[in-house]
Amino acid sequence: MKLWGGRFEQAPSEVFERFSESLSFDRRLLEADVRGSQAWARALERAGILTAAECERIVTAFEEILAEAARPEFFAGASDEDIHTFVIRKLGERAGNLAEKIHTGRSRNEQVSTDMRLWLRERIDETRALLADLMEALVRHGRRYADAVVPGYTHLRRAQAVLWPHYLLAYFEMFARDTERLREARRRTNLLPLGSGALAGSGIKIDREALARELGFEGLTRNSMDAAADRDFVLDFLYAAVLIMLHLSRLAEDWILYSSDEFGWLELADAVTSGSSLMPQKKNPDSLELIRGKCGRVFGSFSSLFVTLKGLPTTYNRDLQEDKIPLFEAADEVQASLRMARVVIDSAVLKPEVALQAVERSWVVATDLAEALARAGVSFHRAHQLVGKLVLESLRRGKAPKEWTGEELAAFAPELTAELAALLEPAAGLATREIPGGTGPVAVAEALEAAERRLAELR
Ligand code: ARG
(Lines give C-alpha, C1' and ligand atoms only; values in the text may rest on other atoms or scores of the structure.)
Protein backbone atom coordinates (compact mmCIF):
# COMPACT_ATOMS: atom_id res chain seq x y z
CA MET A 1 0.00 0.00 0.00
CA LYS A 2 0.97 3.63 -0.52
CA LEU A 3 -0.14 6.82 1.19
CA TRP A 4 0.26 8.76 -2.08
CA GLY A 5 -0.15 8.17 -5.83
CA GLY A 6 -2.84 10.48 -7.25
CA ARG A 7 -0.46 12.63 -9.22
CA PHE A 8 1.53 9.75 -10.70
CA GLU A 9 0.91 8.17 -14.08
CA GLN A 10 3.47 5.41 -13.70
CA ALA A 11 4.04 2.98 -10.86
CA PRO A 12 7.38 3.12 -9.03
CA SER A 13 10.06 0.82 -10.36
CA GLU A 14 10.73 -2.30 -8.38
CA VAL A 15 14.33 -1.25 -7.93
CA PHE A 16 13.21 2.07 -6.44
CA GLU A 17 10.72 0.39 -4.16
CA ARG A 18 13.30 -1.99 -2.82
CA PHE A 19 15.86 0.78 -2.53
CA SER A 20 13.64 3.17 -0.63
CA GLU A 21 11.60 0.94 1.66
CA SER A 22 12.24 1.18 5.37
CA LEU A 23 9.75 -1.35 6.73
CA SER A 24 12.49 -3.96 7.00
CA PHE A 25 14.07 -1.92 9.78
CA ASP A 26 11.60 0.72 10.99
CA ARG A 27 9.22 -2.04 12.07
CA ARG A 28 10.86 -1.58 15.45
CA LEU A 29 8.84 1.62 15.69
CA LEU A 30 5.54 -0.27 15.52
CA GLU A 31 4.43 0.29 19.08
CA ALA A 32 5.48 3.93 19.07
CA ASP A 33 3.66 4.44 15.76
CA VAL A 34 0.47 2.88 17.10
CA ARG A 35 0.55 4.78 20.40
CA GLY A 36 1.18 8.03 18.56
CA SER A 37 -1.66 7.28 16.16
CA GLN A 38 -4.10 6.45 18.94
CA ALA A 39 -3.33 9.79 20.54
CA TRP A 40 -3.69 11.44 17.13
CA ALA A 41 -7.15 9.87 16.73
CA ARG A 42 -8.21 11.40 20.05
CA ALA A 43 -6.81 14.74 18.97
CA LEU A 44 -8.84 14.49 15.76
CA GLU A 45 -11.92 13.78 17.80
CA ARG A 46 -11.31 16.87 19.92
CA ALA A 47 -10.85 18.83 16.69
CA GLY A 48 -14.21 17.61 15.42
CA ILE A 49 -12.81 15.49 12.56
CA LEU A 50 -13.77 12.15 14.11
CA THR A 51 -16.94 11.40 16.08
CA ALA A 52 -16.53 9.81 19.50
CA ALA A 53 -17.68 6.47 18.08
CA GLU A 54 -15.26 6.67 15.14
CA CYS A 55 -12.40 7.53 17.44
CA GLU A 56 -13.26 4.65 19.73
CA ARG A 57 -13.34 2.24 16.81
CA ILE A 58 -9.95 3.40 15.57
CA VAL A 59 -8.34 3.27 19.02
CA THR A 60 -9.68 -0.26 19.58
CA ALA A 61 -8.50 -1.40 16.15
CA PHE A 62 -5.01 -0.08 16.98
CA GLU A 63 -5.08 -1.99 20.24
CA GLU A 64 -5.91 -5.18 18.32
CA ILE A 65 -3.07 -4.50 15.90
CA LEU A 66 -0.62 -4.34 18.81
CA ALA A 67 -1.96 -7.60 20.22
CA GLU A 68 -1.64 -9.24 16.79
CA ALA A 69 1.93 -7.99 16.48
CA ALA A 70 3.09 -10.58 18.99
CA ARG A 71 2.50 -13.27 16.36
CA PRO A 72 5.65 -14.20 14.41
CA GLU A 73 3.95 -13.99 11.00
CA PHE A 74 2.74 -10.44 11.67
CA PHE A 75 4.99 -8.79 9.09
CA ALA A 76 5.12 -11.78 6.72
CA GLY A 77 4.72 -10.77 3.08
CA ALA A 78 4.33 -7.06 3.89
CA SER A 79 5.71 -4.84 1.14
CA ASP A 80 4.63 -1.44 2.44
CA GLU A 81 6.94 1.51 2.07
CA ASP A 82 7.43 2.03 5.79
CA ILE A 83 6.00 1.27 9.21
CA HIS A 84 3.56 4.22 9.03
CA THR A 85 2.05 2.93 5.78
CA PHE A 86 1.97 -0.61 7.14
CA VAL A 87 0.09 0.46 10.27
CA ILE A 88 -2.49 2.39 8.30
CA ARG A 89 -3.04 -0.60 6.01
CA LYS A 90 -3.52 -2.80 9.06
CA LEU A 91 -5.98 -0.24 10.40
CA GLY A 92 -7.88 -0.43 7.11
CA GLU A 93 -8.15 -4.21 7.45
CA ARG A 94 -9.95 -3.69 10.76
CA ALA A 95 -11.71 -0.35 10.52
CA GLY A 96 -12.44 -0.18 6.78
CA ASN A 97 -12.85 3.23 5.19
CA LEU A 98 -12.56 4.91 8.53
CA ALA A 99 -8.81 4.30 8.33
CA GLU A 100 -8.68 6.90 5.58
CA LYS A 101 -9.38 9.62 8.15
CA ILE A 102 -6.51 8.89 10.53
CA HIS A 103 -3.91 10.77 8.53
CA THR A 104 -5.97 13.99 8.49
CA GLY A 105 -3.75 17.01 9.10
CA ARG A 106 -0.74 14.80 9.78
CA SER A 107 2.44 14.22 7.82
CA ARG A 108 4.82 11.30 8.01
CA ASN A 109 7.56 13.85 8.55
CA GLU A 110 6.25 14.68 12.03
CA GLN A 111 5.02 11.15 12.58
CA VAL A 112 8.43 9.61 12.10
CA SER A 113 9.95 12.19 14.43
CA THR A 114 7.28 11.42 17.03
CA ASP A 115 7.87 7.68 16.73
CA MET A 116 11.62 8.09 17.03
CA ARG A 117 11.21 10.26 20.12
CA LEU A 118 8.84 7.81 21.80
CA TRP A 119 11.12 4.89 20.97
CA LEU A 120 14.29 6.66 22.02
CA ARG A 121 12.82 7.94 25.28
CA GLU A 122 12.40 4.35 26.44
CA ARG A 123 15.87 3.31 25.31
CA ILE A 124 17.35 6.28 27.19
CA ASP A 125 15.58 5.20 30.38
CA GLU A 126 16.78 1.62 29.94
CA THR A 127 20.32 2.77 29.25
CA ARG A 128 20.32 4.95 32.35
CA ALA A 129 19.15 1.99 34.43
CA LEU A 130 21.92 -0.17 32.94
CA LEU A 131 24.47 2.54 33.73
CA ALA A 132 23.25 2.64 37.32
CA ASP A 133 23.58 -1.16 37.53
CA LEU A 134 27.14 -0.89 36.31
CA MET A 135 27.99 1.90 38.74
CA GLU A 136 26.56 -0.21 41.51
CA ALA A 137 28.78 -3.12 40.45
CA LEU A 138 31.83 -0.84 40.59
CA VAL A 139 30.99 0.27 44.11
CA ARG A 140 30.34 -3.33 45.12
CA HIS A 141 33.73 -4.40 43.78
CA GLY A 142 35.33 -1.49 45.59
CA ARG A 143 33.71 -2.52 48.88
CA ARG A 144 34.88 -6.09 48.38
CA TYR A 145 38.52 -4.95 48.26
CA ALA A 146 38.23 -1.74 50.25
CA ASP A 147 41.88 -1.55 51.32
CA ALA A 148 43.61 -3.22 48.41
CA VAL A 149 46.58 -1.15 47.18
CA VAL A 150 47.33 -1.27 43.45
CA PRO A 151 49.77 0.56 41.21
CA GLY A 152 48.30 3.63 39.54
CA TYR A 153 49.80 4.19 36.09
CA THR A 154 50.74 7.10 33.90
CA HIS A 155 52.20 6.33 30.48
CA LEU A 156 51.43 2.73 31.48
CA ARG A 157 54.37 2.90 33.90
CA ARG A 158 53.84 2.41 37.64
CA ALA A 159 53.38 5.93 38.98
CA GLN A 160 51.87 6.12 42.48
CA ALA A 161 50.05 3.69 44.73
CA VAL A 162 46.26 4.03 44.83
CA LEU A 163 43.47 2.19 46.57
CA TRP A 164 41.60 -0.19 44.26
CA PRO A 165 38.22 1.43 45.07
CA HIS A 166 39.74 4.79 44.14
CA TYR A 167 40.51 3.42 40.69
CA LEU A 168 36.99 1.99 40.38
CA LEU A 169 35.42 5.27 41.44
CA ALA A 170 37.21 7.01 38.58
CA TYR A 171 34.95 4.98 36.30
CA PHE A 172 31.98 5.72 38.53
CA GLU A 173 32.55 9.42 37.73
CA MET A 174 32.74 8.78 33.98
CA PHE A 175 29.48 6.85 34.05
CA ALA A 176 27.89 9.51 36.24
CA ARG A 177 28.69 12.09 33.55
CA ASP A 178 27.27 9.74 30.94
CA THR A 179 24.09 9.55 32.99
CA GLU A 180 23.86 13.35 32.99
CA ARG A 181 24.34 13.43 29.24
CA LEU A 182 21.51 10.93 28.81
CA ARG A 183 19.27 13.03 31.03
CA GLU A 184 19.98 16.05 28.84
CA ALA A 185 19.37 14.03 25.68
CA ARG A 186 16.07 12.85 27.11
CA ARG A 187 14.97 16.40 27.85
CA ARG A 188 15.45 17.39 24.22
CA THR A 189 13.96 14.14 22.93
CA ASN A 190 10.83 14.35 25.01
CA LEU A 191 9.03 17.05 23.01
CA LEU A 192 5.97 16.62 20.81
CA PRO A 193 6.43 17.39 17.09
CA LEU A 194 2.86 16.42 16.08
CA GLY A 195 0.90 19.42 14.91
CA SER A 196 3.84 20.59 12.80
CA GLY A 197 2.36 19.13 9.62
CA ALA A 198 4.77 18.44 6.78
CA LEU A 199 6.68 21.64 7.57
CA ALA A 200 4.25 24.54 7.95
CA GLY A 201 2.02 23.48 10.85
CA SER A 202 -1.15 21.43 10.66
CA GLY A 203 -4.20 22.93 8.94
CA ILE A 204 -6.39 21.16 11.49
CA LYS A 205 -6.87 22.83 14.88
CA ILE A 206 -5.11 20.23 16.97
CA ASP A 207 -4.78 20.80 20.72
CA ARG A 208 -1.07 20.14 20.86
CA GLU A 209 -0.84 20.60 24.63
CA ALA A 210 -3.42 17.90 25.26
CA LEU A 211 -1.73 15.62 22.76
CA ALA A 212 1.64 16.14 24.45
CA ARG A 213 0.20 15.32 27.87
CA GLU A 214 -1.40 12.19 26.51
CA LEU A 215 1.87 10.93 25.04
CA GLY A 216 3.90 11.88 28.10
CA PHE A 217 5.90 14.59 26.31
CA GLU A 218 7.22 17.35 28.55
CA GLY A 219 6.59 20.08 26.00
CA LEU A 220 6.05 21.01 22.36
CA THR A 221 8.56 21.60 19.60
CA ARG A 222 8.31 25.34 18.96
CA ASN A 223 8.75 25.64 15.22
CA SER A 224 7.18 23.41 12.59
CA MET A 225 10.06 23.73 10.12
CA ASP A 226 12.62 22.90 12.75
CA ALA A 227 10.49 19.96 13.89
CA ALA A 228 10.51 18.49 10.38
CA ALA A 229 14.25 18.97 9.98
CA ASP A 230 15.56 18.17 13.44
CA ARG A 231 17.48 15.05 14.35
CA ASP A 232 19.68 16.72 16.96
CA PHE A 233 17.99 14.66 19.63
CA VAL A 234 19.20 11.48 17.94
CA LEU A 235 22.72 12.86 17.74
CA ASP A 236 22.54 13.83 21.41
CA PHE A 237 21.83 10.23 22.28
CA LEU A 238 24.47 8.93 19.90
CA TYR A 239 27.07 11.22 21.41
CA ALA A 240 26.16 10.01 24.89
CA ALA A 241 26.37 6.44 23.58
CA VAL A 242 29.79 7.14 22.06
CA LEU A 243 31.11 8.35 25.39
CA ILE A 244 29.67 5.39 27.27
CA MET A 245 31.42 3.08 24.82
CA LEU A 246 34.61 5.08 25.06
CA HIS A 247 34.60 4.74 28.85
CA LEU A 248 33.74 1.06 28.64
CA SER A 249 36.52 0.57 26.15
CA ARG A 250 39.12 2.18 28.38
CA LEU A 251 37.95 0.06 31.29
CA ALA A 252 38.11 -3.02 29.05
CA GLU A 253 41.64 -2.15 27.99
CA ASP A 254 42.76 -1.73 31.62
CA TRP A 255 41.25 -5.01 32.68
CA ILE A 256 42.67 -6.90 29.73
CA LEU A 257 46.09 -5.65 30.83
CA TYR A 258 45.60 -6.15 34.57
CA SER A 259 44.46 -9.74 34.02
CA SER A 260 47.35 -10.61 31.68
CA ASP A 261 50.30 -12.73 32.83
CA GLU A 262 52.43 -9.59 32.62
CA PHE A 263 50.37 -7.75 35.26
CA GLY A 264 48.61 -10.70 36.81
CA TRP A 265 46.73 -9.07 39.63
CA LEU A 266 43.20 -9.35 38.35
CA GLU A 267 41.51 -12.62 37.47
CA LEU A 268 38.61 -12.65 35.03
CA ALA A 269 35.99 -15.34 35.61
CA ASP A 270 35.93 -18.40 33.35
CA ALA A 271 32.34 -17.42 32.59
CA VAL A 272 33.38 -14.33 30.61
CA THR A 273 36.52 -15.62 28.92
CA SER A 274 37.10 -18.16 26.19
CA GLY A 275 39.72 -20.66 25.13
CA SER A 276 41.79 -21.17 22.03
CA SER A 277 40.97 -23.83 19.46
CA LEU A 278 44.68 -24.65 19.23
CA MET A 279 46.50 -23.52 22.36
CA PRO A 280 45.17 -25.48 25.33
CA GLN A 281 46.51 -23.13 27.98
CA LYS A 282 44.75 -19.97 26.74
CA LYS A 283 42.11 -18.05 28.64
CA ASN A 284 41.25 -15.03 26.54
CA PRO A 285 39.39 -11.89 27.63
CA ASP A 286 36.96 -11.94 24.67
CA SER A 287 34.12 -10.25 26.55
CA LEU A 288 36.28 -7.18 27.14
CA GLU A 289 37.77 -7.26 23.66
CA LEU A 290 34.30 -7.27 22.16
CA ILE A 291 33.26 -4.32 24.29
CA ARG A 292 36.34 -2.50 22.99
CA GLY A 293 35.58 -3.71 19.48
CA LYS A 294 31.94 -2.67 19.46
CA CYS A 295 33.05 0.87 20.15
CA GLY A 296 33.91 1.14 16.48
CA ARG A 297 30.33 0.41 15.49
CA VAL A 298 28.86 2.94 17.89
CA PHE A 299 31.37 5.63 16.90
CA GLY A 300 30.46 4.77 13.30
CA SER A 301 26.76 5.24 14.03
CA PHE A 302 27.45 8.70 15.38
CA SER A 303 29.56 9.80 12.44
CA SER A 304 27.14 8.22 9.98
CA LEU A 305 24.22 10.38 11.11
CA PHE A 306 26.45 13.38 11.71
CA VAL A 307 27.56 13.31 8.08
CA THR A 308 24.05 12.54 6.81
CA LEU A 309 22.69 15.70 8.42
CA LYS A 310 25.41 18.00 7.23
CA GLY A 311 24.29 20.29 4.42
CA LEU A 312 20.72 18.95 4.22
CA PRO A 313 18.35 21.60 2.94
CA THR A 314 15.71 22.71 5.47
CA THR A 315 13.34 20.75 6.26
CA TYR A 316 12.54 17.08 5.63
CA ASN A 317 14.57 15.18 3.07
CA ARG A 318 14.45 11.46 2.56
CA ASP A 319 18.05 11.26 3.72
CA LEU A 320 16.57 11.48 7.20
CA GLN A 321 15.33 7.94 6.87
CA GLU A 322 18.98 6.96 7.27
CA ASP A 323 18.83 7.96 10.94
CA LYS A 324 17.26 4.71 12.00
CA ILE A 325 19.85 1.99 11.52
CA PRO A 326 22.60 4.01 13.26
CA LEU A 327 20.30 4.77 16.17
CA PHE A 328 19.01 1.22 16.54
CA GLU A 329 22.46 -0.27 16.25
CA ALA A 330 24.04 2.12 18.74
CA ALA A 331 21.25 1.60 21.26
CA ASP A 332 21.55 -2.19 20.95
CA GLU A 333 25.33 -2.25 21.22
CA VAL A 334 25.60 0.16 24.09
CA GLN A 335 23.00 -1.73 26.10
CA ALA A 336 24.59 -5.11 25.37
CA SER A 337 28.03 -3.76 26.29
CA LEU A 338 26.77 -2.29 29.58
CA ARG A 339 25.21 -5.63 30.49
CA MET A 340 28.41 -7.48 29.60
CA ALA A 341 30.66 -5.12 31.53
CA ARG A 342 28.59 -5.53 34.64
CA VAL A 343 28.91 -9.32 34.55
CA VAL A 344 32.68 -9.03 34.02
CA ILE A 345 33.03 -6.70 37.00
CA ASP A 346 30.84 -8.73 39.31
CA SER A 347 32.73 -11.93 38.56
CA ALA A 348 36.30 -10.62 38.52
CA VAL A 349 38.63 -11.43 41.41
CA LEU A 350 41.37 -9.08 42.54
CA LYS A 351 44.60 -10.57 43.86
CA PRO A 352 45.64 -7.90 46.36
CA GLU A 353 48.93 -9.63 47.29
CA VAL A 354 50.09 -9.67 43.67
CA ALA A 355 49.05 -6.05 43.19
CA LEU A 356 50.91 -5.09 46.35
CA GLN A 357 54.04 -6.88 45.15
CA ALA A 358 53.89 -4.86 41.93
CA VAL A 359 53.55 -1.72 44.04
CA GLU A 360 56.44 -2.62 46.33
CA ARG A 361 58.79 -3.71 43.59
CA SER A 362 58.56 -0.29 41.97
CA TRP A 363 59.40 3.20 43.22
CA VAL A 364 55.79 4.41 43.53
CA VAL A 365 56.75 5.89 46.91
CA ALA A 366 59.20 8.32 45.32
CA THR A 367 56.64 11.14 45.16
CA ASP A 368 55.64 10.48 48.78
CA LEU A 369 59.27 11.00 49.83
CA ALA A 370 59.71 14.12 47.73
CA GLU A 371 56.52 15.67 49.10
CA ALA A 372 57.53 14.80 52.67
CA LEU A 373 60.82 16.66 52.11
CA ALA A 374 58.90 19.62 50.71
CA ARG A 375 56.61 19.61 53.77
CA ALA A 376 59.80 19.75 55.89
CA GLY A 377 60.93 22.88 54.06
CA VAL A 378 63.21 21.52 51.34
CA SER A 379 62.53 23.15 47.98
CA PHE A 380 60.58 20.78 45.79
CA HIS A 381 63.14 20.98 43.03
CA ARG A 382 65.89 19.87 45.40
CA ALA A 383 63.66 17.16 46.91
CA HIS A 384 62.85 15.84 43.44
CA GLN A 385 66.55 15.71 42.52
CA LEU A 386 67.47 13.99 45.73
CA VAL A 387 64.85 11.29 45.56
CA GLY A 388 65.69 10.81 41.87
CA LYS A 389 69.27 10.09 42.86
CA LEU A 390 68.09 7.71 45.56
CA VAL A 391 66.03 5.82 42.96
CA LEU A 392 69.01 5.69 40.60
CA GLU A 393 71.27 4.36 43.33
CA SER A 394 68.65 1.85 44.31
CA LEU A 395 68.32 0.58 40.75
CA ARG A 396 72.10 0.31 40.46
CA ARG A 397 72.28 -1.83 43.57
CA GLY A 398 69.16 -3.83 42.69
CA LYS A 399 67.58 -2.76 45.96
CA ALA A 400 63.81 -2.50 46.54
CA PRO A 401 62.56 0.68 48.30
CA LYS A 402 61.71 -1.23 51.47
CA GLU A 403 65.23 -2.58 51.71
CA TRP A 404 66.56 0.85 52.67
CA THR A 405 66.97 1.28 56.42
CA GLY A 406 66.49 4.60 58.20
CA GLU A 407 70.22 4.88 58.85
CA GLU A 408 71.07 4.22 55.20
CA LEU A 409 68.59 6.89 54.12
CA ALA A 410 69.98 9.42 56.57
CA ALA A 411 73.49 8.67 55.34
CA PHE A 412 72.48 9.20 51.71
CA ALA A 413 71.95 12.97 51.91
CA PRO A 414 71.82 15.62 54.66
CA GLU A 415 68.13 16.42 54.03
CA LEU A 416 67.05 12.81 54.47
CA THR A 417 66.16 11.60 57.99
CA ALA A 418 65.76 8.12 59.42
CA GLU A 419 62.02 8.78 60.05
CA LEU A 420 61.43 9.14 56.32
CA ALA A 421 61.93 5.36 56.02
CA ALA A 422 58.30 5.00 57.19
CA LEU A 423 57.28 6.39 53.81
CA LEU A 424 58.94 3.49 52.02
CA GLU A 425 55.75 1.65 53.00
CA PRO A 426 53.15 2.60 50.31
CA ALA A 427 50.32 2.71 52.84
CA ALA A 428 52.08 5.59 54.62
CA GLY A 429 52.06 7.62 51.41
CA LEU A 430 48.38 6.88 50.84
CA ALA A 431 47.65 8.37 54.28
CA THR A 432 49.22 11.68 53.16
CA ARG A 433 46.60 11.98 50.40
CA GLU A 434 43.55 12.70 52.54
CA ILE A 435 42.27 15.45 50.32
CA PRO A 436 38.87 15.63 48.62
CA GLY A 437 39.20 13.58 45.46
CA GLY A 438 42.46 11.97 46.67
CA THR A 439 43.29 8.34 47.37
CA GLY A 440 43.70 8.64 51.18
CA PRO A 441 41.80 5.81 52.89
CA VAL A 442 39.40 8.17 54.67
CA ALA A 443 38.78 10.18 51.50
CA VAL A 444 38.09 6.97 49.57
CA ALA A 445 35.76 5.57 52.24
CA GLU A 446 33.83 8.84 52.11
CA ALA A 447 33.79 8.79 48.33
CA LEU A 448 32.38 5.26 48.37
CA GLU A 449 29.61 6.36 50.69
CA ALA A 450 28.91 9.43 48.59
CA ALA A 451 28.77 7.21 45.49
CA GLU A 452 26.16 5.03 47.16
CA ARG A 453 24.06 8.07 48.06
CA ARG A 454 24.35 9.42 44.52
CA LEU A 455 23.31 6.05 43.13
CA ALA A 456 20.26 5.98 45.34
CA GLU A 457 19.31 9.41 43.94
CA LEU A 458 19.79 8.19 40.36
CA ARG A 459 17.42 5.26 40.84
N1 ARG B 1 10.22 6.32 6.14
C2 ARG B 1 10.35 7.73 6.24
C3 ARG B 1 11.49 8.13 7.19
O4 ARG B 1 11.91 7.33 7.89
C5 ARG B 1 9.07 8.29 6.77
C6 ARG B 1 8.83 9.68 6.37
C7 ARG B 1 8.59 9.76 4.92
N8 ARG B 1 8.21 11.06 4.54
C9 ARG B 1 8.25 11.42 3.29
N10 ARG B 1 7.86 12.61 3.03
N11 ARG B 1 8.69 10.64 2.34
O12 ARG B 1 11.95 9.23 7.20
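One-based numbering along the sequence shown. Both ligands and their constituent atoms are indexed starting at 1 by order of listing.
Residues that satisfy the side-chain contact (heavy atoms from CB on, under 4.5 Å) test with Arg18, not counting sequence neighbours, are Glu14. For Ser287, the side chain to side chain donor-acceptor pair (under 3.5 Å) criterion is met by no residue, not counting sequence neighbours.
Aromatic ring centroids of Trp255 and Tyr258 lie 6.0 Å or more apart.
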Hey, can you pull the donor-acceptor pairs under 3.5 Å for the side chains in residues 193-202, sequence neighbours left out?
unit_1, atom_1, unit_2, atom_2, d
Ser196, OG, Pro193, O, 2.5
Ser202, OG, Gly105, O, 2.8
Ser202, OG, Ile204, N, 3.2

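If you look at ligand 1, the protein residues with a non-hydrogen atom under 4.0 Å away are Ser22, Asp82, His84, Arg108, Asn109, Val112, Tyr316, Gln321, Lys324.
In this structure, Arg188 forms no cation-pi arrangement with Phe233, as its terminal cationic atom is not both closer than 6.0 Å to the ring centre and no more than 45° off the ring axis. Both tests hold for Arg28 against Phe328: distance to the six-membered ring centre under 6.0 Å, angle to the ring axis within 45°.
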